[in-house]
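Reviewing the structure listed below.
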Amino acid sequence: MDAYERITRNATEVVTESEGRELAEDPEGKRAYVGYEPSGVLHIGHMLTATKLIDLQEAGFEVTVLLADVHAYLNDKGTFEEIRETAERMKAQFLAYGLDEERTEFVYGSEFQFDREYVLDLHALELETTLSRAERAMAEIKSGDSVRVSQAVYPLMQALDIVYLDVDLAVGGMEQRKVHMLARDTLPGIGEASPTCLHTPLIADLDTGVGKMSASEGVSISMEDSTADIERKVNDAFCPPTRDPDPDDEGRERENPVLQIFEYHVFPRYDTVVVERPDEYGGDLTYTDYESLAADLDAGALHPADAKGALATYLDELIAPGRAKLRDAISDA
Ligand code: NAL
C-alpha cells in the first residue's frame, strides 16, 4: 500500500486531494492532529479517528491529540475540574487502543489558549466571521437546544488551534467538516494558511442502521462495555443479509453497521479475519480484505449471525486493553 492510499483509506474525503497527495510524497515527520472534548470513556466514534491516526503513524506522521478542555467547557460539558479528570482517563485509553506512544503528543487546550497572542488572534477571527457562519459550523457538534455565545467562539478557537499546534493535517469525523471549512476560509484573513483536512465517516446506529452512532442516542459501543455487553449489542444489531437491506425503504438510507464496523475498525487492524463456523455449516471462513467478507454476506455465503459472532470477538479484543485502563483509573479514584 503506498503512502497516499494508507493516509486516505476509509476516509470520506481529504480537502483537498492535491494537498493530500503533496503530504503523502514525504510523510515522515509531518504532523497530524485531532481534538476531542474529553468525555472519559472512549466510544466507537473516538476509536474510528484513532484507527486513522494509527494509519497516519504507520505512514510516518507524528500525531498531536488535543484534549480540548476549554472547548468542552464552552460546550457545557462540566467544570474544568471534571473535564480534566476525564481527559486523563481518555489519554490512557487512546494509548491502550494502539496509538504509538513514541509518535503521540497529548496537549491540553488550556495550555496555550489563554495566552495573550492567542486571545488577540481569536478576536481578529471573531471580526472575520459572521455569527451565522459560526452557528452553522457548530450544527453537528453543539450540545443543548439553544445556541450560546460560547458555542460561536468554539469553532473559531478550533480553527486557531490548527495554527497554534503547527499541524500539517487536521483530522476529524465528518461532523467536524463545517468547522474545518470555516478554518480554511477565515484563516487567510488573519494571515494564516488554509489547513489540509481529512474526514472520517460516521457510522450508523447499531440497532437501526439509521443516522450516526453517538454516545447520546441509539446503541453505541464504548470501552465501558463488558464482553457480554458487546456480544449482546452486536447480536441485536441491524444486519440484513444483503447490502441493499430494504429496497422499499424509500428515503431512509439505512446502512449496515455490522459491515461498517468490519470495514472501519476490524480490517484496518487485522491482516486476516476468521469467522468461526461449525463444520456442519461449512467450517471457518478466512478473509484478508473487507470486500470479500461483504460480498459473501451479500451472496448468502456468510450468515449474519456468523458475521456478528466474529465481529463481537474482534471488537472485544480491540477494546480489552482500554477497558482495563478504565478499570484501573476508576479503582484509583
Ligand atoms: C476538536 C475539538 C476541539 C478543538 C479542536 C481543535 C483543533 C482540532 C480539533 C479540535 C473537539 C471536536 C469535538 N470539535 O466535537 O469533539
Side-chain angles (χ1 to χ4, degrees), residues 11 15 31-50 52-53 56 61-78 80 83-84 86-87 90-91 93-94 104-115 118-119 121-122 125 129 134-144 147-148 150-184 186-187 192-203 212-217 220 222:
V15 186
R31 188 163 285 277
Y33 101 121
V34 71
Y36 303 98
E37 290 182 25
S39 68
V41 180
L42 251 59
H43 59 67
I44 197 154
H46 298 119
M47 295 177 222
L48 201 140
T49 40
K52 177 44 68 191
L53 297 177
L56 290 168
F61 275 80
E62 304 284 327
V63 164
T64 300
V65 175
L66 177 72
L67 300 165
D69 53 347
V70 179
H71 283 85
Y73 180 76
L74 292 172
N75 203 16
D76 203 16
K77 298 292 174 66
F80 273 102
I83 292 164
R84 186 127 204 158
T86 63
M90 221 173 173
K91 217 156 122 174
Q93 293 165 73
F94 270 114
T104 308
E105 189 186 352
F106 291 92
V107 178
Y108 278 93
S110 56
E111 286 173 39
F112 62 93
Q113 288 161 347
F114 300 131
D115 292 353
Y118 182 98
V119 173
D121 274 344
L122 177 60
L125 261 193
T129 315
E135 197 181 325
R136 267 183 286 134
M138 283 300 283
E140 292 176 58
I141 297 175
K142 80 176 177 72
S143 54
V147 191
R148 306 286 156 142
S150 64
Q151 291 166 339
V153 173
Y154 180 121
L156 305 185
M157 288 180 61
Q158 187 163 337
L160 212 49
D161 291 351
I162 300 176
V163 175
Y164 274 74
L165 294 171
D166 198 19
V167 288
D168 302 294
L169 181 67
V171 177
M174 279 297 279
E175 79 285 356
Q176 308 296 322
R177 131 173 259 279
K178 285 189 176 157
V179 176
H180 286 161
M181 294 304 142
L182 182 150
R184 285 182 65 89
T186 57
L187 286 175
E192 300 293 344
S194 293
T196 305
C197 307
L198 183 90
H199 299 135
T200 54
L202 303 175
I203 291 204
K212 66 157 184 162
M213 200 187 294
S214 69
S216 51
E217 43 190 293
S220 182
S222 85

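Indexing begins at 1, ligand by ligand and atom by atom, following the structure's order. Quick caveat, the model's predicted, so the values are computed rather than measured.
- For the residue pair Asp121 / Tyr164, a side-chain donor-acceptor distance below 3.5 Å is found, with atom types taken as modelled.
- Contact residues of ligand 1 (protein heavy atom closer than 4.0 angstrom to a ligand atom; sorted by chain and number): Tyr33, Gly35, Glu37, Leu66, Ala68, His71, Ile141, Tyr154, Gln158, Asp161, Gln176.
- Under 3.5 Å, the side chains of Tyr36 and Thr49 contain a donor-acceptor pair of N or O atoms.
- With Gln93 contributing its side chain and Leu42 its backbone, the two residues share a donor-acceptor pair below 3.5 Å.
- For the pair His43 and Ser220, the tightest heavy-atom approach, listed with the atom from each and the gap, is CB-OG, 4.3 Å.
- No side-chain donor-acceptor contact under 3.5 Å links Ser143 and Asp76.
- When all heavy atoms of Arg184 and Pro195 are compared, the pair lying nearest together is NH1-O, 2.7 Å.
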